[in-house]
Amino acid sequence: MTGRRLITAALFVAGCAGGTAPQTAPKNIALLHLAAGKTPPEREGTCWASDTTPAVIETITEHLLIRPEVRDAAGNVTRPAEFETKTAQRLVQDRENVWFAAPCTADMTVDFIASLQRALKARGLYLRQVTGVYDQETGEAVRRLQAPRGLDSPVLSRATAIELGLVSQAP
């Protein structure tokens, strides 16, 4: 194999081996479901955040036969069937206030938020310029990352911050 072909083959193989890191299975974020007015336990080094999870409503649509079709002796349809559409909704899960461990407010510096935005950008979730400001776009990117893990919230959880490498495992 010539030198040029060898380099081309090596680059091709390197290109196939690269790409994004394999995705791990979503982790569940620990949520505390507390009675109204209750707060999570005080633990040194642990900060808490709360959010209201959205209600989940299921819409059921049924097509009910009102009058069946009528056919003549030859089997031709003389009157088509008549249907009525009924739609009903039912509450699958009510909205509720949940608490979860979160990075402390003092840790949410401009540099920390810029690192968060870069981590979200690397995952294709944040498409804006890195500003170091926790704005609505940053919150929505956090929501897109956390929702499959069980927390549909724009507020960053500690578990997500650990997963992104922004904070250490220990509180």
Linking Ile, Leu, Val, Met, Phe, Trp and Tyr by side-chain heavy atoms under 4.5 Å, what else ends up with Val56?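 Cluster partners of Val56: Val92.
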
So do [Y] and [X] actually touch side chain to side chain, heavy atoms under 4.5 Å?
X: Glu163; Y: Arg149; value: yes
X: Ser50; Y: Phe100; value: no
X: Leu166; Y: Leu116; value: yes
X: Arg79; Y: Arg67; value: yes
X: Tyr134; Y: Met108; value: yes
X: Pro154; Y: Arg143; value: yes
X: Leu164; Y: Leu145; value: yes

From Leu127 CG over to Glu137 CD, what is the distance, rounded to the nearest 0.5 angstrom?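 Interatomic distance, Leu127 CG to Glu137 CD, rounded to 0.5 Å: 10.0 Å.
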
Once rounded to the nearest 0.5 Å, what's the spacing between atom NZ of Lys86 and atom CD1 of Ile60?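 Spacing of NZ (Lys86) from CD1 (Ile60) equals 13.5 Å.
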
Listing request: all side-chain hydrogen bond (donor to acceptor under 3.5 Å, both in side chains) pairs with a residue in residues 102-113, at least two apart in sequence or in separate chains.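 Not a single pair qualifies under side-chain hydrogen bond (donor to acceptor under 3.5 Å, both in side chains).
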
Flag for Gln146-Ser157: side-chain donor and acceptor within less than 3.5 Å: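 Judged by distance alone, the side chains do pair up.
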
Going by the rule salt bridge (charged side-chain N to carboxylate O under 4.0 Å, His left out), which residues pair with Arg95 if we only count those two or more places apart in sequence or in a different chain?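 So Arg95 forms no salt bridge (charged side-chain N to carboxylate O under 4.0 Å, His left out) with any residue.
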
Between Glu58 and Arg90, does any side-chain N to carboxylate O distance fall below 4.0 Å?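 Yes, this pair counts.
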
